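Note sheet for the following structure.
Atoms considered below: every heavy atom in the structure, side chains included; atoms not considered: hydrogens, waters and symmetry mates. Note that the structure is a prediction, hence the values are computed from the model and not measured.
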Amino acid sequence: MHNKSTAVADGSAKTETTVTEAAAQPPTKHTAVPQAPATSKSLTQATVVQADVAQSPPTRSAVAAAAPAQDSPVDANDQIAAGQDNSRGPAAAIAAGVRDGSLTATEVVETTLARIVAEHRNTNAFSVIRTDKARSEAALLEQRADLDVLPLAGVPIAIKHNLAVAGETMRCGSAATDTRPVADDHPVVRRLRAAGAVVVGLTTVPELGLWGTTDTPDRITGNPWNVARSAGGSSGGSAAAVAAGLVPIAHGNDGLGSIRIPAACCGVFGIKPGRHTVPAEIGLDAWSGMAENGVLATTVGDAALALSVLAARPDLAEVEPPGRLRIGLAVAPPSRFFPVDRHWTNAARTAASVAAAAGHLVEPTTLPYGDAMLSIFLRWLAVGCRDAAALPHPELLQPRTRRHLALGRKVARLRLVRPSQVDRVEARLLEYFERYDVVITPTLAGPPPKARAWHSRGWLANVLASARFSPFTPLWNLVGWPAASIPMGMHPDVGTPVAAQLAGPPGSESTLLRLAAQVESLHPWRRTIN
């Protein structure tokens with residue numbers, strides 16, 4: 001139920017070879033013992049969970065065909081055994097090391113690639129691993145005359161596989177898309193490269209970014225904390241890659257929550273900027289203006305640094321505490337049809353308590369949702385139709401997607417989507433934000449669904465799975481305002497993270513980042529599973 005573009009990697013590129021036969025299997029049995037913050041007693045239990053993926057393991061030949069595409073093998077065991085992992089840690093620290101010469105971009109990229117190959121099979125976060133290309137780009141980066149001033153010098157980064165990366169496919173989780181590599185980088189990718197980042201891979205995405213879980217016929221992306229659960233969607237591969245410690249920063253995009261949902265599922269920080277802050281250019285019309293490019297990271301500081309690059313706004317990297325804010329705490333769901341798990345309600349309350357302890361004015365409130373959920377649902381049905389009409393092989397779309405697009409065409413014919421619907425919602429929110437600077441809600445209403453082959457299930461099953469656990473995020477896409485998800489501990493029953501959502505009016509990206517950094521400093525979370 002999420003975001004969009006025309007792009008999956010199925011290993012079809014002629015020049016790429018597989019990483020390992022095991023790399024594309026459903027998530028393996030994996031024991032995760034999360035470390036919960038001691039500051040939230042209700043969220044402190046650690047759990048040990050084994051995977052229960054509802055899909056038979058693929059055959060040896062199927063696994064080899066479905067493994068993430070890779071230029072050439074990396075000697076993962078040698079590098080990991082030798083302890084040559086200089087790429088661990090925040091992106092800001094990596095970039096500082098490359099700038100001052102204590103690290104080289106080549107060292108960082110080599111150890112990152114080794115770690116991805118060694119650990120990727122636990123989550124299936126990547127659809128393409130750019131081994132040789134990333135090495136070459138790191139070597140070229142080291143020759144740049146401006147290396148010592150690049151904000152992301154040598155930082156390994158992952159790009160969601162629905163954005164153009166020169167020389168790579170743009171499959172967006174679908175066999176219906178073009179198999180040919182694209183010629184040019186998307187503006188977001190160009191900005192990241194110009195800032196010194198090295199693209200080490202492309203992350204898994206569900207078909208056309210439409211769904212709230214991430215899986216394809218080739219791979220199921222599992223949650224690093226409990227691989228029996230989904231990483232969320234549609235930027236699930238990006239969230240899993242960051243949470244598993246494979247990269248410190250990943251690109252994502254967000255049409256109805258596709259950054260914040262997987263960020264919340266996987267316990268990382270994710271931010272969707274407001275409209276016109278970062279170049280969108282996602283598909284033909286960026287889901288009628290609802291989809292935005294943003295970032296997922298292990299720290300708020302890293303996310304702020306990356307967003308400052310994407311937005312070409314250095315000021316966004318500054319995350320000193322904000323002045324005293326007026327904050328509303330709104331835990332009620334948009335509709336009585338969406339009950340909220342108490343541990344997710346507690347996550348929002350914890351964030352509000354931390355903000356109050358930092359000196360902000362916090363009070364309970366109710367967001368004026370009105371009929372926003374109906375408007376959101378109708379738009380979700382319709383937004384993919386324009387991009388789908390341009391697909392070279394629409395007959396290869398998954399059945400759930402074909403059903404979804406057929407309903408969307410009916411919505412368009414009946415003219416059920418009208419600008420006045422958004423105008424009413426926005427007017428109510430503008431009035432609300434005359435009283436508040438920021439609102440805090442739960443990011444999700446419950447734990448992520450099971451990690452299974454959702455692409456083979458029916459349309460209604462997918463709709464219900466997405467709607468039940470993610471009703472809080474789409475409102476901010478409807479109006480095009482910024483919103484972020486910040487980890488707030490662990491769910492004691494499921495063993496996956498819980499999180500709070502911070503949202504604000506247009507232009508409040510800096511406020512959200514500064515508040516999030518302040519909350520992070522007072523209520524830190526475990527950065528990655530590894």
Side-chain angles (χ1 to χ4, degrees), residues 1-3 40 42-43 206 210-214 223 225-226 228-236 239 254-270 272 328-352 364-377 379-380 425 439-452 454 460-478 483-503:
M1 184 174 160
H2 309 282
N3 94 349
S40 179
S42 65
L43 302 175
L210 282 166
W211 310 103
T213 54
T214 298
N223 193 309
W225 299 96
N226 174 2
R229 295 283 174 161
S230 173
S234 63
S235 303
D254 189 315
L256 290 175
S258 289
I259 288 173
R260 290 159 290 150
I261 291 169
C265 290
C266 295
V268 300
F269 180 78
K272 175 197 82 72
L329 170 64
V331 298
S335 165
R336 60 187 177 86
F337 297 110
F338 300 107
V340 184
D341 181 307
R342 64 187 177 90
H343 298 292
W344 285 90
T345 300
N346 288 342
R349 295 189 188 283
T350 299
T365 184
T366 301
L367 275 169
Y369 291 105
D371 59 355
M373 295 308 291
L374 177 59
S375 298
I376 289 164
F377 180 71
R379 278 164 173 75
W380 176 51
V425 175
V439 65
I440 297 175
T441 76
T443 307
L444 302 177
K450 290 184 178 180
R452 56 173 38 145
W454 287 99
L460 184 59
N462 277 273
V463 171
L464 292 176
S466 293
R468 282 172 178 163
F469 89 112
S470 60
F472 288 102
T473 57
L475 176 66
W476 311 104
N477 298 90
L478 182 69
S485 178
I486 183 168
M488 279 290 122
M490 302 297 295
H491 196 292
D493 301 327
V494 183
T496 54
V498 295
Q501 179 176 236
L502 313 178

Interatomic distance, OG@Ser470 vs CZ@Phe338, rounded to 0.5 Å, equals 8.5 Å
Heavy atoms only: give me the nearest Ala264-Ser485 pair and the separation to one decimal. CB-OG, 3.5 Å
Could you check whether any side-chain heavy atom of Thr473 comes within less than 4.5 Å of a side-chain heavy atom of Lys272, counting everything from C-beta outward? no
For Gly257 versus Asn477, what's the shortest heavy-atom pair and its separation? N-OD1, 3.4 Å
Do we see a donor-acceptor contact under 3.5 Å between the side chains of Ser230 and Thr213? no
Name of the residue among Ile261, Leu256, Asp254 meeting side-chain contact (heavy atoms from CB on, under 4.5 Å) with Pro474: Leu256
Could you tell me whether a side-chain N or O of Gln501 sits under 3.5 Å from a main-chain N or O of Arg260, the two making a donor and an acceptor? no
Where Phe469 and Gly212 come nearest, the two heavy atoms and their spacing: CZ-O, 3.6 Å
Straight-line distance of Leu444 CG to Arg468 CZ, nearest 0.5 Å: 15.0 Å
When rounded to the nearest 0.5 angstrom, what is the spacing between OG1 in Thr350 and NE2 in His343? 11.5 Å
When you measure from the side chain of Asp341 to the backbone N and O of Pro447, does any donor-acceptor pair fall under 3.5 Å? no
Scanning both residues in full, the closest heavy-atom pair of Cys265 with Ala231 reads CB-O, 3.6 Å
Carefully, step by step, assess Met490 and Trp225 under the rule side-chain contact (heavy atoms from CB on, under 4.5 Å). CA-CA 10 Å; Met490 302 297 295; Trp225 299 96; 4.0 Å; yes
So, is the end of the Arg452 side chain (NZ or CZ) under 6.0 Å from the ring centre of Trp454 and within 45° of the ring's axis? yes
Below 4.5 Å, heavy atoms only, C-beta onward: do Trp344 and Met488 meet side chain to side chain? no
Side chain proximity check, Thr441 to Leu367, heavy atoms < 4.5 angstrom: yes
Val340 and Phe472: which non-hydrogen atoms are nearest, and at how many Å? CG2-CZ, 3.7 Å
Quick check: does any side chain N or O of Arg229 sit under 3.5 Å from a backbone N or O of Pro448, one acting as donor and the other as acceptor? yes
Leu210 and Trp380 have their tightest heavy-atom pair at O-NE1, 3.2 Å
Please examine the side chains of Tyr369 and Ser335, heavy atoms only from C-beta on, and report whether any two atoms are closer than 4.5 Å. no
With sequence neighbours left out, the residues meeting side-chain contact (heavy atoms from CB on, under 4.5 Å) with Ala348 are Leu329, Val331, Ile440, Pro442
